[in-house]
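Read through the structure below, which is laid out as structure tokens, and then see the notes.
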Amino acid sequence: MDWDKLRVFHAVAEAGSFTHAGDALNLSQSAVSRQISGLEESLQVPLFHRHARGLILTEQGELLFRTARDVFAKLSMTEAMLSESKERPKGPLKVTTTVGFGSTWLTPRIREFLDLYPEINLTLLLDDGELDLSMREADVAIRMSPPRQPDLVQRHLLTVKSGAFASPDYIKKYGVPMQPEDLDDHRIVIYGDDTRPPSPAVNWLHDAGMRPGTERRPILKVNNIYGIFRAVQSGLGIGSIPNYMVQETSELIRVLPELAGPTIDAYFVYPEELRPSKRIAVFRDFLIKKVAEARL
């Protein structure tokens, strides 16, 4: 299979037209068309349905595109790794973590990291769902549970603790619960049950001290730890807040200090094939240093 023709095919399949692919490859539309026709002739199968509004991949074209996309993704990764300077890590680095950890603890520290490594092109993907690292949806993940995939490298990053917190406005209006049973009479903000939470037992506060036979109705369900944090900040109710969030603000007051949620171990995770990457190594070391400084 001719490599140049495959490169052109990949560009056309991604662009959806000969014209746009030609612009990306700096080739004329007719040159692109000839390359595709030559590839189809050599394979003896049609790769595109041609119509007035553009191109649609045939079944055979879809099969070839999936393979070509994987090949070019791995080549791109290899090229980036080979181009890393021995002195200065550089190139793209895509990191995913939960919305809560990413928005409150991680992003405020990114400026310092990029000041140290300005040639790294960092992208943060904040998502409580788990992106597939094996499919290169991200290079690195900071996850609030051990990875389930066997081909991932994992490094324990921190242990997340949580407690019950409220704002001064809430306490002024509703008072302080003196014992866990008093939470039956307070406004509780919990994680919603419509989506998979970023960690198990996230709603421990909902049941803490609940009297037998009673039903505790939360004032709000929100499927995002950062959303819970902001709701508690606003004075809406009492919520379970992780220690990494509390350290970022002095506004919240801990109530019922004898209560603590289950500890959660967070991991720095990346594919085995990226183990040699200097970008990942310096980012990992930076995070370990920042976690130690924060005494999380």
Side-chain angles (χ1 to χ4, degrees), residues 1-86 88-97 117 119-127 129-141 147-153 269-281 283:
M1 193 178 297
D2 187 285
W3 183 256
D4 287 333
K5 290 184 174 62
L6 187 61
R7 182 173 62 91
V8 172
F9 164 77
H10 180 258
V12 172
E14 287 208 316
S17 77
F18 292 148
T19 302
H20 292 152
D23 292 340
L25 297 170
N26 199 26
L27 294 172
S28 67
Q29 180 180 349
S30 59
V32 172
S33 180
R34 284 196 301 272
Q35 291 280 62
I36 295 300
S37 296
L39 182 59
E40 290 178 321
E41 188 174 325
S42 66
L43 295 174
Q44 298 184 341
V45 293
L47 299 173
F48 294 99
H49 296 298
R50 295 158 173 80
H51 59 87
R53 290 176 294 175
L55 301 170
I56 298 175
L57 285 165
T58 63
E59 185 177 349
Q60 297 91 337
E62 285 279 5
L63 176 61
L64 181 60
F65 178 55
R66 285 196 298 270
T67 302
R69 183 174 54 193
D70 291 344
V71 168
F72 280 98
K74 287 185 179 295
L75 282 172
S76 177
M77 178 190 69
T78 303
E79 181 182 17
M81 290 171 62
L82 291 173
S83 68
E84 281 186 324
S85 165
K86 291 184 179 179
R88 299 290 297 172
K90 64 179 180 180
L93 180 62
K94 193 178 293 186
V95 178
T96 181
T97 189
Y117 304 102
E119 294 179 76
I120 292 180
N121 303 318
L122 188 63
T123 300
L124 293 183
L125 301 172
L126 306 186
D127 193 327
E130 291 189 2
L131 300 187
D132 192 337
L133 300 186
S134 65
M135 293 300 294
R136 302 308 310 281
E137 292 181 341
D139 301 314
V140 171
R148 294 182 295 272
Q149 293 175 263
D151 57 340
L152 296 179
V153 180
V269 182
Y270 55 95
E272 174 68 36
E273 62 194 27
L274 291 180
R275 191 186 284 272
S277 171
K278 290 194 70 176
R279 288 162 294 161
I280 289 178
F283 187 64

side-chain contact (heavy atoms from CB on, under 4.5 Å) between S42 and L39, intermediate numbers included: CA-CA 5 Å; S42 66; L39 182 59; 4.0 Å; yes
Candidate pair L274 and R279, rule side-chain contact (heavy atoms from CB on, under 4.5 Å), full reasoning: CA-CA 10 Å; L274 291 180; R279 288 162 294 161; 5.5 Å; no
Please test V45 against T58 for side-chain contact (heavy atoms from CB on, under 4.5 Å), starting from the C-alpha separation and ending with a verdict. CA-CA 9 Å; V45 293; T58 63; over 6 Å; no
Stepwise, does the side-chain contact (heavy atoms from CB on, under 4.5 Å) test hold for R69 with R136? CA-CA 11 Å; R69 183 174 54 193; R136 302 308 310 281; over 6 Å; no
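Using a 4.5 Å cut-off on side-chain heavy atoms (C-beta onward), F65 and V12 make no contact. For the pair L43 and L64, the minimum side-chain heavy-atom distance is below 4.5 Å. With a 4.5 Å cut-off on side-chain heavy atoms, F72 and R7 count as touching.
In terms of heavy-atom proximity, G22 sits nearest to V32 at CA-CG2, 3.7 Å. Pairing each heavy atom of V8 with each of L27, the nearest pair is CG2-CD1, 4.3 Å. Residues P271 and L133 come closest through the heavy atom pair CG-O, 3.9 Å. Closest heavy-atom contact between D139 and P92: OD2-O, 4.1 Å. Considering every non-hydrogen atom in both L47 and E40, the closest pair reads N-OE2, 2.8 Å. When all heavy atoms are compared, the tightest approach of S134 to D151 is CB-OD2, 4.5 Å.
Atom CD of E137 sits about 9.0 Å away from atom CG of D127, to the nearest 0.5 Å. Distance CD/Q29 to NE2/H20: 10.0 Å, rounded to 0.5 Å. Residue I120 holds its CD1 atom at 9.0 Å from CZ of F283, rounded to the nearest 0.5 Å. For the atom pair OG1 (T96) and CG (D132), the distance works out to 11.0 Å, reported to the nearest 0.5 Å. Atoms CG and NZ, on L124 and K94 in that order, are 11.5 Å from each other to the nearest 0.5 Å.
Side-chain contact annotation: S28 with S30, donor-acceptor N/O pair under 3.5 Å present.
Under the 3.5 Å distance criterion, the side-chain polar atoms of S37 are matched with a main-chain donor or acceptor of S33.
Ring orientation note: the planes of F18 and F48 are nearly perpendicular, at an angle over 60° on the 30°/60° scale.
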